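The model shown is predicted, which means the values in this text are computed figures rather than measured ones. Residue numbers start at 1 and run along the sequence shown.
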Amino acid sequence: MKFNIINRDNWYRKEYFEYYLQQQTTFSITNDLNITNLMENLKRKNYKLYPAFIFMVTKIVNSHREFRTSFNSEVSLGYWKEMGPSYTIFDKNTHTFSSIWSPNIVDFTEFHSQYEKDIGKYNGTGRLFPKTPIPDNNIPISMIPWSSFTAFNLNINNNGDYLLPIITGGKYLQKYNEIWLAVSLQIHHAVCDGYHASIFMNELQKFADENENWV
């Protein structure tokens with residue numbers, strides 16, 4: 001997959017990037033996503049929430065360059081033309097998980113089918129990364145379906161060079177006849193600001209509201 005190199009000398013974020021990269025500044029934001037209509041539509045069509053969540057997140061990431069900006073294997077700064085989802089699956093027997101990936105598929109029905117195939121093939125392997133080779137252009141997505149939360153933070157000690165967003169969903173809850181899902185977004189301030197975090201959350205809600213267009 002194509003990786004576009006950023007010329008840091010004339011990049012509009014040069015000052016911000018260098019300052020926050022040196023400071024190793026990351027931040028997280030958590031929001032409650034109203035998935036009432038989405039859940040009704042998914043249940044009606046016998047689809048699962050987790051692949052729908054993965055699908056929505058991947059769509060938003062691929063719509064904004066800021067969420068695809070990172071260092072490549074050669075430690076060059078740039079952005080991927082396209083990202084695919086890397087997500088965790090739970091082993092009920094061992095209470096451990098595996099991290100697998102699926103290709104970026106723009107049609108939800110096809111993606112859901114591919115998700116089911118990958119789950120069936122790689123769940124229960126007892127391995128952290130059973131599906132190889134792992135592509136470099138993937139976005140980490142996970143869900144903690146046993147508990148909701150009001151905040152969530154995941155710390156990566158990678159010399160402060162991990163720039164991609166990390167997205168985590170929680171247990172959905174019913175409040176006032178509506179269904180809500182806690183969603184946490186963690187990003188590196190070198191490439192994203194509060195504005196971009198707000199774009200992510202707002203578009204995720206819009207995507208859930210307008211689910212009839214893609215489910």
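F67 and F17 are assigned to two separate hydrophobic clusters, defined by single-linkage of ILVMFWY side chains at heavy-atom distances under 4.5 Å. The hydrophobic clustering, which links ILVMFWY residues whose side-chain heavy atoms are closer than 4.5 Å, places I29 and Y195 apart. When the side chains of ILVMFWY residues are joined at heavy-atom separations under 4.5 Å, either directly or via intervening members, F71 and W11 end up in a single hydrophobic cluster. Hydrophobic cluster membership is shared by L154 and M201, with clusters built from Ile, Leu, Val, Met, Phe, Trp and Tyr side chains linked at under 4.5 angstrom. In the hydrophobic clustering of this structure, Y12 does not group with Y16; members are Ile, Leu, Val, Met, Phe, Trp, Tyr whose side-chain heavy atoms approach within less than 4.5 Å, directly or through other members.
Two residues are said to be in side-chain contact when any heavy atoms from C-beta on lie closer than 4.5 Å; S98 and D91 fail this criterion. The side-chain heavy atoms of I60 and F207, taken from C-beta on, include a pair separated by under 4.5 Å. No side-chain heavy atom of H188 sits under 4.5 Å from any side-chain heavy atom of D161. Two residues are said to be in side-chain contact when any heavy atoms from C-beta on lie closer than 4.5 Å; I139 and L164 meet this criterion. Counting only heavy atoms from C-beta outward, the side chains of M143 and T88 never approach each other to under 4.5 Å. Looking only at side-chain heavy atoms (C-beta outward), L42 and L49 come within less than 4.5 Å of each other. You'll find the side chain of P140 reaches within 4.5 Å of the side chain of Y162, heavy atoms only. Contact of the F152 side chain with the S28 side chain is not registered, since no non-hydrogen atoms from C-beta on lie closer than 4.5 Å.
With rounding to the nearest 0.5 angstrom, the OG atom of S142 is 9.5 Å from the CD1 atom of I54. The NZ atom of K206 lies 14.0 Å from the CE atom of M56; values are rounded to the nearest 0.5 Å. For the atom pair E40 CD and E212 CD, the distance stands at 9.5 Å (nearest 0.5 Å). The CG atom of N31 sits 8.0 Å away from the CG atom of N202 when rounded to the nearest 0.5 Å. With values rounded to the nearest 0.5 angstrom, L204 atom CG is found 9.5 Å from D209 atom CG. Between the CG atom in N62 and the NZ atom in K81 there is a gap of 11.0 Å [rounded to 0.5 Å].
A distance-only check finds no donor-acceptor pair linking the side chain of S113 to the backbone of T109 [under 3.5 Å]. A donor-acceptor contact shorter than 3.5 Å links the side chain of S63 to the backbone of K59. Distance alone, capped at 3.5 Å, is enough to place a donor-acceptor pair between the Q205 side chain and the N34 backbone. At least one donor-acceptor pair closer than 3.5 Å links the side chain of R68 to the backbone N or O of V61. Counting only distance, with no hydrogens or angles, the side chain of S99 and the backbone of F129 share no donor-acceptor pair below 3.5 Å. In this structure a side-chain-to-backbone donor-acceptor pair under 3.5 Å is missing from N41 to N37. Remark: side-chain polar atoms of N123 are not paired, donor with acceptor, to backbone N or O of I119 under 3.5 angstrom.
The environment of CG in D107 is crowded: more than 12 heavy-atom neighbours from other residues, nucleotides or ligands sit within 6.0 Å.
Between L163 and V191, the shortest heavy-atom contact is O-CG2, 3.6 Å. N104 and M83 make their closest contact through CB-O, 3.5 Å (heavy atoms, listed as atom of the first residue, atom of the second, distance). When all heavy atoms of A197 and F27 are compared, the pair lying nearest together is CB-CE1, 4.1 Å. Pairing each heavy atom of L38 with each of A208, the nearest pair is CB-O, 3.9 Å. Summarising the geometry of N138 relative to S86, their closest heavy-atom pair is OD1-CB, 3.4 Å, with the distance given to 0.1 Å. Residue L181 comes nearest to G170 through the heavy atom pair CD1-O, 3.0 Å, listed as atom of the first residue, atom of the second, then distance.
Applying the salt bridge (Lys or Arg N to Asp or Glu O under 4.0 Å) definition to pairs two or more places apart or across chains, those involving residues 110-129 are K48-E116, D118-K131.
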Could you walk me through whether F53 and V183 pass the side-chain contact (heavy atoms from CB on, under 4.5 Å) check? CA-CA 10 Å; F53 178 68; V183 178; 3.9 Å; yes
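Each of Y122, Y115, W101, F55 was evaluated against Y87; a single residue qualifies, Y115, per the ring-ring contact (aromatic ring centres under 6.0 Å, His included) test. Paired with P165 under the rule side chain to side chain contact (heavy atoms under 4.5 Å, CB included), one option of T26, I141, L185 passes, and it is L185.
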Would you give me the side-chain donor-acceptor pairs under 3.5 Å for residues 2-9, sequence neighbours excluded?
residue	atom	partner	partner atom	Å
N4	ND2	Y79	O	3.4
N7	OD1	D9	N	3.0

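Residues passing the side-chain contact (heavy atoms from CB on, under 4.5 Å) test with K175 are D32, W180, sequence neighbours excluded.
Not less than 6.0 angstrom separates the ring centroid of F111 from the ring centroid of W214. Ring-centre distance between F200 and H196: not below the 6.0 Å cut-off.
Side-chain atoms of D193 and H189 form a donor-acceptor pair, as typed in the model, at a separation below 3.5 Å.
Electrostatic pairing of E18 and K14 counts as a salt bridge here, judged by a charged N lying under 4.0 Å from a carboxylate O.
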